[in-house]
Number of protein chains: 2
Amino acid sequence: MSENKYLSIYNDLLSKIEKGIFKPGMKIPSEHQLVEQYETSRETIRKALNLLSEHGYIQKIKGKGSIVLDVRKFDFPISGLISFKELAQKLGKPSRTIVEQLEMIKPDEVLKKHLHVTAREDIWKVVRVREIEGERIILDKDFFNKKFVPFLSKDICARSIYEYLEKELQLKISFAKKEFFVEECTEEDRMYLHLKQYTHVVVVRNYVYLDDASLFQYTESRHRLDKFRFVDFARRIHLH
Amino acid sequence: MSENKYLSIYNDLLSKIEKGIFKPGMKIPSEHQLVEQYETSRETIRKALNLLSEHGYIQKIKGKGSIVLDVRKFDFPISGLISFKELAQKLGKPSRTIVEQLEMIKPDEVLKKHLHVTAREDIWKVVRVREIEGERIILDKDFFNKKFVPFLSKDICARSIYEYLEKELQLKISFAKKEFFVEECTEEDRMYLHLKQYTHVVVVRNYVYLDDASLFQYTESRHRLDKFRFVDFARRIHLH
DNA sequence: GTTGTTAACTTGTATATACAAGTCGACTTG
DNA sequence: CAAGTCGACTTGTATATACAAGTTAACAAC
């Protein structure tokens, strides 16, 4: 359970939306009603509702109430900072992770720039292939600063690195920047993936930061063209 | 200026970050200091800071303060609901919009699904090419429900439809869902774009909603592979 | 010198109140 | 009947207070 009142209310309302107790198009109870239901203050309810709104689950309309959106209903992966294991569980497709490389390296010029490290620092390099429905679709190349991740094993990489980082090492993963673009496939891509006839791959560069804004991971995720899909939810900022 | 106190503080702090008065890595003044500077309450300051944090401009660290991130410094287009005109102005590259088609149509089966309309409703269809540095890079196919947009002209489409919708028609554009994937290019793509040797295009499907959660626009944006780039900022949700 | 303890700072959460502003239905008024 | 008004509801903004919890530097004790 959450220690936070507003987060536990967020979770409760979210699960009611996902279970269909609150259906798309429906109004959810008013803030006043929720205050009584959860025996809390209006500001606490509003924090929970604003989180739901930011994440695309509800739309708040002044004077009327909050209605459930269907935007988030069928679509994954939707924008967010989520591990492959969490994603695979949501999607429910049979998938497997194959650890192809796991070694400690010194960064080259490119990596020094991406991870903001010096030539002397030790870096974990992990290369994994994600097999989805029997096809080798995604090539993930992860780089971790050893300063933050002293130890890694093949077993951890095959299971879920994030679970290990957050639960065992107590790292507080906070935010990420992702860059998407398309690139010609390399020899490495062809070696590790089932590329069919495709000549390009979709590349996702992931820069992951901890709680204190320190960059601790750089990931390059290379997807076969035809299987790539990404969904984003955005709100317009009005400044008038 | 904004009528809202917290939005005008958000804007003021944002412009200080963008102008470099607050530089990446620097601490911004504490909430208490900002309360005195802006002569307001702490909750109002916190609303402004939380917005900056959500949008990737600062990181708040409990017990320490808020530091400016460099994540947003060089990267556009970053996730958000922004018109091509606004984007072009930010990027500063020479660009031009060519209106190739502008007509009123009845929706076919596919469009009926995308725009949630019946066969009897009138739909504006706008086809535009975005020329960047002299090359025809992006093909935008927009569809507007006539119920929301009674009138359109070539002139409006060449300038900025969004400016017209928001300023003239007073439509309140609120949020959007975007889907990204890669597709084989069509005859239409080849006809309108400078595609070089590329066999695929990046497709962005855009569903745009108004204030009251009604779907009013569907856009299909088709990008030449090599010029496509998208940046996303995401925060991890911790539920423990 | 090292360790531990304050004290003063920071941000995070929860609560209460007041009023503004948009929506909607019922009722009044012409 | 039509139009306008009013009251009861909704969400939005601004303010104040209290306490929790993390950080840091100064200081005291050993």
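Labels below follow one simple rule: chain letters A, B, ... track the order of the sequence lines, proteins then strands, and each chain is numbered from 1. Heavy-atom basis, side chains included; hydrogens, waters and symmetry copies ignored.
Summarising the geometry, the separation between CG on B/Asp211 and C1' on C/dA21 is reported as 13 Å, rounded to the nearest angstrom. One interatomic measurement links the two molecules: CD1 of B/Ile45 to C1' of D/dA16, which rounds to 15 Å at whole-angstrom precision. What separates CD of B/Glu39 from P of D/dA16 is a distance of 12 Å, to the nearest Å. Atom NZ in B/Lys172 sits roughly 13 Å away from atom P in C/dA21 (whole-Å rounding). Protein atom CG of B/Leu51 is 14 Å distant from nucleotide atom C1' of D/dG12, rounded to whole Å. The CD atom of B/Glu43 sits 14 Å away from the C1' atom of D/dC19 (whole-angstrom rounding). Put simply, CD1 on B/Ile9 is 13 Å from P on D/dT13, counting in whole angstrom units. Distance B/Gln59 CD to D/dT23 P: 13 Å, rounded to the nearest Å.
In this structure the side chain of A/Ser221 never reaches within 4.5 angstrom of the side chain of A/Arg130, judged on heavy atoms. Put simply, the side chain of A/Thr97 does not reach to within 4.5 Å of the side chain of A/Asp140, judged on heavy atoms. Taking 4.5 Å as the limit, some side-chain heavy atom of A/Leu7 sits within range of a side-chain heavy atom of A/Leu51. Looking at B/Glu220 and B/Val203, their side chains come closer than 4.5 Å, going by heavy atoms from C-beta outward. Between B/Phe175 and A/Leu69 there is a side-chain heavy-atom pair separated by less than 4.5 Å.
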| message | Base contacts versus sugar-phosphate-only contacts with protein, heavy atoms under 4.0 Å: please encode nucleotides 3-11 of chain D as B, S and - from 5' to 3'. | response | -------BB
| task | With ring-ring contact (aromatic ring centres under 6.0 Å, His included) as the test, would you mind laying out the steps for A/His55 and A/Phe233 before giving the verdict? | result | CA-CA 7 Å; A/His55 297 156; A/Phe233 176 84; 9.0 Å; no
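The phosphate of C/dT13 has OP1 or OP2 within less than 4.0 Å of a side-chain N or O from A/Tyr6. Of the side-chain N and O atoms in A/Thr40, none sit less than 4.0 angstrom from OP1 or OP2 of C/dA14. For A/Thr44 and C/dT15, the shortest distance from a side-chain N or O to OP1 or OP2 is below 4.0 Å.
Defined by atom type and a distance below 3.5 Å, a donor-acceptor pair is missing between the side-chain atoms of B/Asp155 and B/Ser153.
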